[in-house]
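Heads up: the structure comes next, in structure tokens.
Order of listing sets the numbers, starting from 1, for every ligand and every atom in it.
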Amino acid sequence: MTDRLKVLRTVPPLRRALELCQKPGERVALVPTMGALHRGHMALVREARRRAKRVVVSVFVNPNQFAPHEDFASYPRSFVTDLKVLREAEVDLVWAPSVEAMYPDGFATRLTPEGAAKAGLEDEFRPHFFGGVTTVVAKLFTQVSPDFALFGQKDYQQLRVVTQMAKDLDLPVKVIGVPTVREPDGLALSSRNVYLSAAERAVAPMLYRVLKGCAGRIKNGEKVDRVLNVGRIEIDVAGFRLDYLEARHALTLAPIGAPKDGPIRLLVAARLGKTRLIDNVAV
Ligand code: AMP
């Protein structure tokens, strides 16, 4: 079905294409991405296909969620290869607006999410991030009007923040989290992994190993604080510069002291050379 894929660049043709491809009663699922697609993104596409007759993948590197010192300009882009992969996956529409189509001259609105977006995790190190993410995701939801939107658990705080945003704004879309896809050695797939040198790549899976080790020890009844302190030292010794390793309530992301207080999610962010890696696991 190689001729099925349509690539849309501005909102009016997107709306027309959606109207044309959607028969009454057919559901639409949206997979928002920044491109440079890998098997993690494709797991979201597969879940989208499972849930809906029509699948839209957005490819948009959103300048609004990068701080000036971050990697917007150098963020990996591979649009031609992405299209090939999406065509093979039998995606219906690719929504790939230019920055000008997404943010026309005079654009002046930005969401300010709170709650999970102020949990003191990613927001502490990327204060720009969730305002940019929620603003663009709200626009994507309005532009595409999907029944389902698929997000990776890889970006766990983002998943919580977007879920809350859709609820708070009464956007009629069900946000679904998809488990993290990993390399055989445990490293979570990420478009930014291409930044890792060979030596850094060899060290990178340590992050997941520490998370799993910590989750296991907490499950076995060790004290959360003690386990995290040991985990922080292990990450440091492996050569990372740690931003955070935290145990949080899996839904609210509020600090949590013990498994009896609710479901625990362990979340980590650490830098290896110039690459910042994030990961998380359930306890
Ligand atoms: P990105 O293009 O990095 O903004 O990611 C787009 C979507 O893919 C987000 O919902 C991510 O959480 C998700 N994603 C990224 N990496 C993975 C992965 N390794 N496994 C599952 N989902 C992922």
Starting from [atom], find the nearest protein heavy-atom neighbour and note its residue, name and distance.
| atom | value |
| --- | --- |
| atom 3 (O) of ligand 1 | Tyr75 OH, 3.8 Å |
| atom 22 (N) of ligand 1 | Gly152 CA, 3.5 Å |
| atom 4 (O) of ligand 1 | Met34 CG, 3.6 Å |

Nearest non-hydrogen atom to [atom] belongs to which of [options]?
| atom | options | result |
| --- | --- | --- |
| atom 21 (C) of ligand 1 | Pro179, Gly35, Ala43 | Pro179 |
| atom 14 (N) of ligand 1 | Leu187, Val175, Asp155 | Asp155 |
| atom 16 (N) of ligand 1 | Arg192, His41, His38 | His38 |

Is there a donor-acceptor pair closer than 3.5 Å between any side-chain N or O of [X] and the backbone N or O of [Y]?
| X | Y | answer |
| --- | --- | --- |
| Asn193 | Ala188 | yes |
| Asp279 | Val268 | no |
| Arg54 | Cys21 | yes |

How does Tyr156 reach ligand 1, if at all, at less than 4.0 Å between non-hydrogen atoms: by side chain, backbone, both, or neither?
neither
When only distance counts, is [X] in polar contact with ligand 1, meaning an N/O pair under 3.5 Å?
| X | result |
| --- | --- |
| Leu189 | yes |
| Leu44 | no |
| Pro32 | no |
| Phe151 | no |

Check: Tyr195 and Asp71 side chains under 4.5 Å, non-hydrogen atoms:
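Touching, per the 4.5 Å side-chain cut-off.
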Is a donor from one side chain sitting under 3.5 angstrom from an acceptor on the other, for Tyr75 and Asn62?
no
Between Arg232 and Asn229, do the side chains contain a donor N or O and an acceptor N or O under 3.5 Å apart?
yes
Could you check whether Arg9 makes a cation-pi contact with Phe60, meaning its NZ or CZ is under 6.0 Å from the centre of the six-membered ring and within 45° of the ring axis?
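No, Arg9 does not sit over the ring of Phe60.
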So Tyr244 and Phe125, would you call those rings parallel, tilted or perpendicular, with 30° and 60° as cut-offs?
tilted
